Undergrad: 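Below is the structure I would like to discuss, written out as structure tokens.
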Amino acid sequence: MDVLKFDIEGAKKGMIQHLIKYNYIKSEKVISAMLKVDRVNFVPKEYMADAYSDYPLSIGFKQTISAPSIVGLMTEVLDIRENDKILEIGCGSGYQAAILAEIAIKGKIYTVERIPELIEITKEKLKKYNNIEILPGDGYYGYKEEAPYDKIIVTAAPVEIPGPLIEQLKTGGKMVIPVGGRYLQNLILAEKISQTKIKKTILCGCTFVPLISFSKKE
Ligand code: SAH
């Protein structure tokens with residue numbers, strides 16, 4: 001049993017070392033959050049052996065938990081502060097939300113998810129975090145009740161940045177979002193320079209599941 005435990009710890013550290021080596025993560029706060037949040041707790045039992053591999057895994061309902069490298073990169077570019085109020089669109093497995101919650105320890109993460117069955121499973125996994133609130137609904141429209149947000153992270157891909165999300169981002173705030181077609185998108189960092197000005201930087205190519213809006217065809 002001890003040998004097994006040793007292997008698991010080794011695999012987990014190996015995953016983090018890989019992310020550092022390939023420059024996905026570099027700050028101490030992101031590294032320690034990713035060491036704290038164990039990906040194995042967020043993947044279905046049948047994929048436990050793959051929990052520390054750098055690729056997405058199915059979480060049912062035709063959805064996926066993102067690869068650790070993309071989770072690390074998105075967290076890194078947002079430069080999360082401990083007091084940040086963050087909006088996530090696409091809670092999914094809850095893995096990304098847990099990592100954000102470890103850094104924004106005095107802040108709050110509002111995470112919107114459209115699949116009620118997934119919320120039921122994920123709620124249980126995130127119950128130790130009193131700085132995470134899972135909200136059922138259509139994230140295309142954000143969550144205006146708590147706007148504006150310091151940071152917005154979108155983990156499902158629309159064809160263009162939803163207007164409501166730009167509106168709900170603080171001036172000086174950052175949003176990271178995949179934008180594009182069904183199988184290939186650009187991961188974009190959008191910084192709100194002023195009330196009317198957005199600076200967009202393409203970070204890399206990526207593949208996310210589509211952002212499905214109830215009332216808007218994507
Ligand atoms: N951040 C997640 C990744 C989940 S995959 C993780 O760490 O596991 C993307 C999620 O976005 C899926 O769960 C999907 O149901 C959800 N989603 C897609 N369109 C949505 C929408 N319009 N509103 C809210 N959630 C949406």
Side-chain angles (χ1 to χ4, degrees), residues 15 19 24-25 30 33-34 36-44 47 50-78 80 86-104 109-126 129 132-145 149 151-165 168 175-183 185 187 206-218:
M15 177 187 102
L19 302 186
Y24 292 109
I25 59 176
V30 177
M34 291 194 78
K36 258 188 222 155
V37 181
D38 202 328
R39 193 168 182 254
V40 81
N41 297 328
F42 294 86
V43 305
Y47 298 124
D50 294 319
Y52 308 114
S53 302
D54 193 16
Y55 42 77
L57 293 167
S58 167
I59 52 169
F61 313 98
K62 292 190 190 155
Q63 305 304 325
T64 52
I65 174 173
S66 306
S69 52
I70 206 93
V71 171
L73 175 69
M74 290 172 93
T75 311
E76 194 67 70
V77 298
L78 283 177
I80 306 295
I86 304 167
L87 177 67
E88 180 186 37
I89 307 303
C91 181
S93 70
Y95 178 60
Q96 174 74 74
I99 289 169
L100 296 171
E102 290 288 354
I103 307 174
I109 290 86
Y110 295 91
T111 178
V112 186
E113 174 54 56
R114 62 178 282 271
I115 301 177
E117 296 87 339
L118 207 46
I119 293 179
E120 280 314 302
I121 298 168
T122 300
K123 214 162 56 183
E124 199 49 35
K125 297 183 177 182
L126 293 178
Y129 293 100
I132 298 181
E133 197 172 318
I134 308 179
L135 306 157
D138 183 354
Y140 180 91
Y141 298 98
Y143 183 60
K144 67 173 186 312
E145 287 78 352
Y149 300 94
K151 310 286 160 61
I152 298 181
I153 178 165
V154 184
T155 65
V159 292
E160 56 189 44
I161 303 181
L165 299 186
Q168 291 172 26
M175 171 173 6
V176 65
I177 179 167
V179 179
R182 175 66 186 87
Y183 295 108
Q185 305 105 28
L187 188 63
C206 58
T207 302
F208 279 80
V209 294
L211 184 111
I212 298 167
S213 185
F214 304 138
S215 52
K216 199 170 181 305
K217 274 219 161 75
E218 292 292 348

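Numbering of ligands and ligand atoms starts at 1, following listing order. Predicted model only: the values in this text are computed from it and were never measured. Basis for what follows: all heavy atoms, side chains included, without hydrogens, waters or symmetry-related copies.
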Undergrad: Stepwise, does the side-chain contact (heavy atoms from CB on, under 4.5 Å) test hold for Glu113 with Thr111?
TA: CA-CA 7 Å; Glu113 174 54 56; Thr111 178; 5.8 Å; no

Undergrad: Taking atom OH of Tyr24 as the centre, does the number of heavy atoms from other residues, nucleotides or ligands within less than 6.0 Å exceed 12?
TA: no

Undergrad: So, the side chain of Ser213 versus the backbone of Gly139: is there a donor-acceptor pair under 3.5 Å, distance only?
TA: no

Undergrad: When you measure from the side chain of Arg39 to the backbone of Ser53, do you find a donor-acceptor pair of N or O atoms at a distance under 3.5 Å?
TA: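 Between the backbone of Ser53 and the side chain of Arg39 there is a qualifying donor-acceptor contact (under 3.5 Å).
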
Undergrad: Which donor-acceptor pairs under 3.5 Å do the side chains of residues 64-75 make with protein atoms, sequence neighbours left out?
TA:
from	atom 1	to	atom 2	distance (Å)
Ser69	OG	Asp54	OD1	2.9
Ser69	OG	Asp54	OD2	3.1
Thr75	OG1	Val71	O	2.6
Thr75	OG1	Gln96	NE2	3.0

Undergrad: Short question: side chain of Glu76, backbone of Val30 - any donor-acceptor pair under 3.5 Å?
TA: no

Undergrad: What are the distances between nitrogen or oxygen atoms of ligand 1 and protein nitrogen or oxygen atoms, counting only those under 3.5 Å?
TA:
from	atom 1	to	atom 2	distance (Å)
ligand 1	1 (N)	Glu88	OE2	3.1
ligand 1	1 (N)	Gly90	O	3.0
ligand 1	1 (N)	Thr155	OG1	3.1
ligand 1	7 (O)	Gln96	N	3.2
ligand 1	8 (O)	Ser93	N	3.1
ligand 1	8 (O)	Ser93	OG	2.6
ligand 1	13 (O)	Glu113	OE1	2.7
ligand 1	13 (O)	Glu113	OE2	3.3
ligand 1	15 (O)	Glu113	OE2	2.6
ligand 1	19 (N)	Ile212	N	2.9
ligand 1	22 (N)	Asp138	OD1	2.9
ligand 1	22 (N)	Ile212	O	2.6
ligand 1	23 (N)	Gly139	N	2.7
ligand 1	25 (N)	Arg114	N	3.3

